[in-house]
Undergrad: 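Provided herewith is a single structure, encoded as structure tokens, for subsequent inquiry.
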Amino acid sequence: MLHSKIVHFLLLSIFISQSLFVNAQDKSENQLQELSKYMGTWYGAENINDDNLSENPKVKMTVKPTIGFTNGLQVEVFESKKNEWKTTLVELISYDVVTDKIIAKGINDKNECFIGKGAFYENNLWIMKDENLNGEHISTVKFNFLSSSEVVLKGTDSAGKELWKIKYIKKNPKDKNIGIQLVSVKDLMDKNPENTLKQLGRMGYSYIETFVYKEGKFYGYSPKEFRDVVEKNGMRFLGSMTFYNPINKSEKEIEKWWSKTILDHKNAGVAYLSTSNNNLKNIKSLSELKVYTDYYNLVGKLCEKAGLKFLFHNHKDEFLEVEGKIIYEYFLENTNPKYVSFQSDLYWMDVAGVNPVDYFEKYPKRFISWHVKDYKELGQSGKIDFNKIFLSAEKAGLKYVIGEVEDYAYPAITSVGLAWEYLYYELLK
């Protein structure tokens, strides 16, 4: 009898140990990267299995970085009481490079302080062990990230008994009107556009810009279908990069293609169309450039009649010279401001070795849209002084701020989340 009790106790101990801890070999390699998943504004779902929030959530949590872009997370948890948010918990969560652990220090509304230590593991799992200042175990909290915008938290006591459980769904604010170019999540959009748009909407993006218009469709959707999917996920479909080669085409052919394109985009709810040119390095004369400026003026006029804006998007070849004239300046000086605006790609301007502010000063109010892109995750290369550039936003005429990421240190969905955080908290203060 005693033997069976000992065996039962040992088996129970093993079970509890396995349920609370994960093998060291399962620990994620980049703890700081993993910590970034927790940033944002979150609301508690009514039930663990809910996919959407109720109209009046009872719990809210804000998580903001204080050191760099991803560390020193200041966490504040609120409960809705008599239609007001009351703070119930505050903590600071950080990655410690010395121990390679996640460390937390906090206090609740009962004036009880706690210290937590833990780590991220494979399969989107984060485990923290919380103790009071006497070193006594309070709870072990497991954070199970179901996606970039959903996390389930479960607290258990030292015996593994569940104490509480809550599901948070991210819902970042949209008051700063930040857009995202969907090339940043190309593979995800190709695989599952609806789920990807759901994640982007929850991240706080207000609108999207596409680059995939082909034969009247967007990712296989008709214009109205795609508009509905985007709006269902709390965003607007405002911009589309579109491409048509006018060389050796008659004006009638050009007008026919663009008239259909403009109509499709009107049905999709788009506010502007943009285009670029990958043939500039082959141009040898100003007369060849004039063919393009005439073309841009023609398309811009068609857009203007339909109530849309038409934008020219730069890469680096626009800053080459033709007959002693910089191509970009020729385009700016030979397109009608009534019909043609410009979309500044800040990354490609830096690659070309030019300062965008110089153009904003020389040609004010022409640059209504910016692609804000970096050499790696947005704001993390240190090569582009975005803060200084954004001081000239009004001079440039900036209306559409679009985050873009094409070089990734993290998974794409994490990188575009970091891009939103950088734009919202750093550049659009």
Side-chain angles (χ1 to χ4, degrees), residues 172 174 176-190 193-194 196-214 216-221 223-244 258 261-262 264-278 299-300 303 306-315 340-349 367-374 378 393 396-406 412-413 415-417 419-420 422-424 427-428:
N172 281 340
K174 298 179 184 287
K176 296 183 181 178
N177 200 37
I178 300 170
I180 180 71
Q181 166 51 248
L182 293 184
V183 71
S184 308
V185 285
K186 178 183 181 300
D187 292 343
L188 295 173
M189 283 296 298
D190 289 343
E194 292 197 35
T196 305
L197 291 169
K198 178 195 284 188
Q199 305 306 319
L200 295 173
R202 289 174 171 177
M203 281 177 190
Y205 286 107
S206 299
Y207 63 95
I208 57 108
E209 180 185 276
T210 65
F211 66 105
V212 295
Y213 174 76
K214 186 177 182 181
K217 293 195 173 184
F218 306 90
Y219 300 101
Y221 296 94
K224 186 180 183 307
E225 287 171 341
F226 190 62
R227 175 183 184 170
D228 289 345
V229 172
V230 173
E231 292 182 354
K232 173 186 172 185
N233 289 292
M235 297 180 292
R236 296 177 65 195
F237 179 18
L238 290 188
S240 175
M241 295 191 74
T242 49
F243 309 99
Y244 180 79
W258 276 102
T261 297
I262 290 168
D264 286 340
H265 284 84
K266 283 285 287 184
N267 289 334
V270 163
Y272 68 86
L273 296 171
S274 63
T275 197
S276 60
N277 192 327
N278 63 3
V299 177
C303 286
L308 303 181
K309 290 288 188 180
F310 180 67
L311 285 58
F312 180 80
H313 178 98
N314 70 275
H315 293 99
V340 182
S341 296
F342 286 75
Q343 183 175 68
S344 301
D345 190 310
L346 304 182
Y347 164 81
W348 282 113
M349 294 179 99
F367 307 89
I368 68 170
S369 173
W370 295 358
H371 273 202
V372 188
K373 183 169 66 175
D374 204 344
L378 189 54
L398 180 62
K399 185 176 180 181
Y400 302 105
V401 177
I402 301 160
E404 183 179 4
V405 185
E406 289 190 90
I413 200 70
S415 293
V416 295
W420 183 90
Y422 181 70
L423 285 163
Y424 190 89
L427 298 184
L428 300 172

Undergrad: Between Tyr205 and Trp420 (side chain of the first, backbone of the second, donor and acceptor by atom type, cut-off under 3.5 Å), is there such a pair?
TA: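 Side chain of Tyr205 to backbone of Trp420, a donor-acceptor pair under 3.5 Å: yes, one is there.
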Undergrad: Of the options Phe310, Tyr400, Phe312, Phe342, which is the one that meets Tyr272 in a ring-ring contact (aromatic ring centres under 6.0 Å, His included)?
TA: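 Single pass found, and it is Tyr400.
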Undergrad: Side-chain atoms of residues 230-239: list all donor-acceptor pairs with protein atoms under 3.5 Å, sequence neighbours left out, distances to 0.1 Å.
TA:
residue : atom : partner : partner atom : Å
Glu231  : OE2  : Arg227  : NE           : 3.2
Asn233  : ND2  : Val229  : O            : 2.9

Undergrad: Can you list the residues that meet the side chain to side chain contact (heavy atoms under 4.5 Å, CB included) rule with Asp264, with sequence neighbours excluded?
TA: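 Side chain to side chain contact (heavy atoms under 4.5 Å, CB included) check on Asp264 returns Tyr213, Pro223, Lys260.
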Undergrad: From His371 NE2 over to Gln181 CD, what is the distance, rounded to the nearest 0.5 angstrom?
TA: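 Here the interatomic distance stands at 5.0 Å.
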Undergrad: What's the shortest heavy-atom distance between Ser184 and Ala412, and which atoms?
TA: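 For Ser184 versus Ala412, the nearest heavy atoms are O-CB, 3.8 Å.
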Undergrad: Does a sphere of radius 6.0 Å around NZ in Lys174 hold more than 12 heavy atoms from other residues, nucleotides or ligands, not counting ones at 6.0 Å or beyond?
TA: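 Yes - once you tally the heavy atoms of other residues, nucleotides and ligands closer than 6.0 Å, there are more than 12.
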Undergrad: Out of the candidates Leu200, Leu188, Thr196, Val212, only one should pair with Leu182 under the side chain to side chain contact (heavy atoms under 4.5 Å, CB included) rule; please name it.
TA: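 With Leu182 as partner, Leu200, Leu188, Thr196, Val212 yield a single side chain to side chain contact (heavy atoms under 4.5 Å, CB included), made by Leu200.
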Undergrad: Taking salt bridge (charged side-chain N to carboxylate O under 4.0 Å, His left out) as the test, write out the residues that go with Lys224, two or more places apart.
TA: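 Scan of Lys224 (salt bridge (charged side-chain N to carboxylate O under 4.0 Å, His left out), adjacent residues dropped) gives Asp228.
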Undergrad: Under the side-chain hydrogen bond (donor to acceptor under 3.5 Å, both in side chains) rule, collect the residues that match up with Ser240, sequence neighbours excluded.
TA: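 Partners of Ser240 by the side-chain hydrogen bond (donor to acceptor under 3.5 Å, both in side chains) criterion, ordered by chain and then number, come out as Thr210, His265.
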Undergrad: Can you sort out the partners of Ser415 under side chain to side chain contact (heavy atoms under 4.5 Å, CB included), two or more places apart, ordered by chain and number?
TA: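 Result, side chain to side chain contact (heavy atoms under 4.5 Å, CB included) vs Ser415: Glu377, Val405, Tyr408, Tyr410.
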Undergrad: Taking side chain as C-beta onward, heavy atoms only, is Thr261 less than 4.5 Å from Tyr244?
TA: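 They are not in contact (no side-chain heavy atoms under 4.5 Å apart), so the answer is no.
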Undergrad: Do any pairs count as a salt bridge (Lys or Arg N to Asp or Glu O under 4.0 Å) and have a residue in residues 199-211, sequence neighbours left out, and if so which ones?
TA: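 Non-adjacent pairs meeting salt bridge (Lys or Arg N to Asp or Glu O under 4.0 Å): Glu150-Arg202.
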Undergrad: Walk me through it: do Phe226 and Ile208 pass the test side chain to side chain contact (heavy atoms under 4.5 Å, CB included)?
TA: CA-CA 11 Å; Phe226 190 62; Ile208 57 108; 3.8 Å; yes
Undergrad: Who pairs with Lys373 by side chain to side chain contact (heavy atoms under 4.5 Å, CB included), at least two apart in sequence or on another chain?
TA: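 Lys373: side chain to side chain contact (heavy atoms under 4.5 Å, CB included) contacts with Asp345, Tyr347, Trp348, Glu404, Glu406.
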Undergrad: According to salt bridge (charged side-chain N to carboxylate O under 4.0 Å, His left out), who are the partners of Lys186, at least two apart in sequence or on a separate chain?
TA: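 Lys186 satisfies salt bridge (charged side-chain N to carboxylate O under 4.0 Å, His left out) with Asp190 once adjacent residues are dropped.
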Undergrad: Quick one: are Leu273 and Trp258 in side-chain contact, heavy atoms under 4.5 Å?
TA: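 Yes, at least one pair of side-chain atoms sits under 4.5 Å.
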Undergrad: Taking all non-hydrogen atoms of both residues, which atom of Met203 and which atom of Asn172 are closest, and how far apart?
TA: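 Between these two residues, the closest heavy atoms are O-ND2, 2.6 Å.
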Undergrad: Looking at every heavy atom in both Val372 and Leu378, which two are closest together, and how far apart are they?
TA: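 Looking at all heavy atoms of both residues, the shortest contact is O-CD1, 3.6 Å.
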Undergrad: Taking all non-hydrogen atoms of both residues, which atom of Phe243 and which atom of Phe211 are closest, and how far apart?
TA: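 Looks like CE1-O, 4.0 Å.
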Undergrad: Taking side-chain hydrogen bond (donor to acceptor under 3.5 Å, both in side chains) as the definition, give me every residue that meets it alongside Tyr221, ordered by chain and number, with sequence neighbours left out.
TA: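 Testing Tyr221 for side-chain hydrogen bond (donor to acceptor under 3.5 Å, both in side chains), a comparison that skips the adjacent residues, returns Glu194.
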Undergrad: Hey, are the side chains of His315 and Asn278 touching, using non-hydrogen atoms and a 4.5 Å cut-off?
TA: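 No; the side chains remain at least 4.5 Å from each other.
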Undergrad: Just wondering, do Phe367 and Leu398 contact through their side chains at under 4.5 Å, heavy atoms?
TA: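 In short, these two side chains do not touch, never coming nearer than 4.5 Å.
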Undergrad: What pairs with Ser341 under side chain to side chain contact (heavy atoms under 4.5 Å, CB included), at least two apart in sequence or on another chain?
TA: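 Partners of Ser341 by the side chain to side chain contact (heavy atoms under 4.5 Å, CB included) criterion, ordered by chain and then number, come out as Leu311, Ile368.
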Undergrad: Not counting sequence neighbours, which residues clear side-chain hydrogen bond (donor to acceptor under 3.5 Å, both in side chains) with Ser206? List them please.
TA: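 Ser206: no side-chain hydrogen bond (donor to acceptor under 3.5 Å, both in side chains) contacts found.
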Undergrad: Could you tell me which non-hydrogen atom of Asn177 sits nearest to which non-hydrogen atom of Lys399, and how far apart they are?
TA: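 Smallest heavy-atom distance, with atoms named: ND2-O, 4.2 Å.
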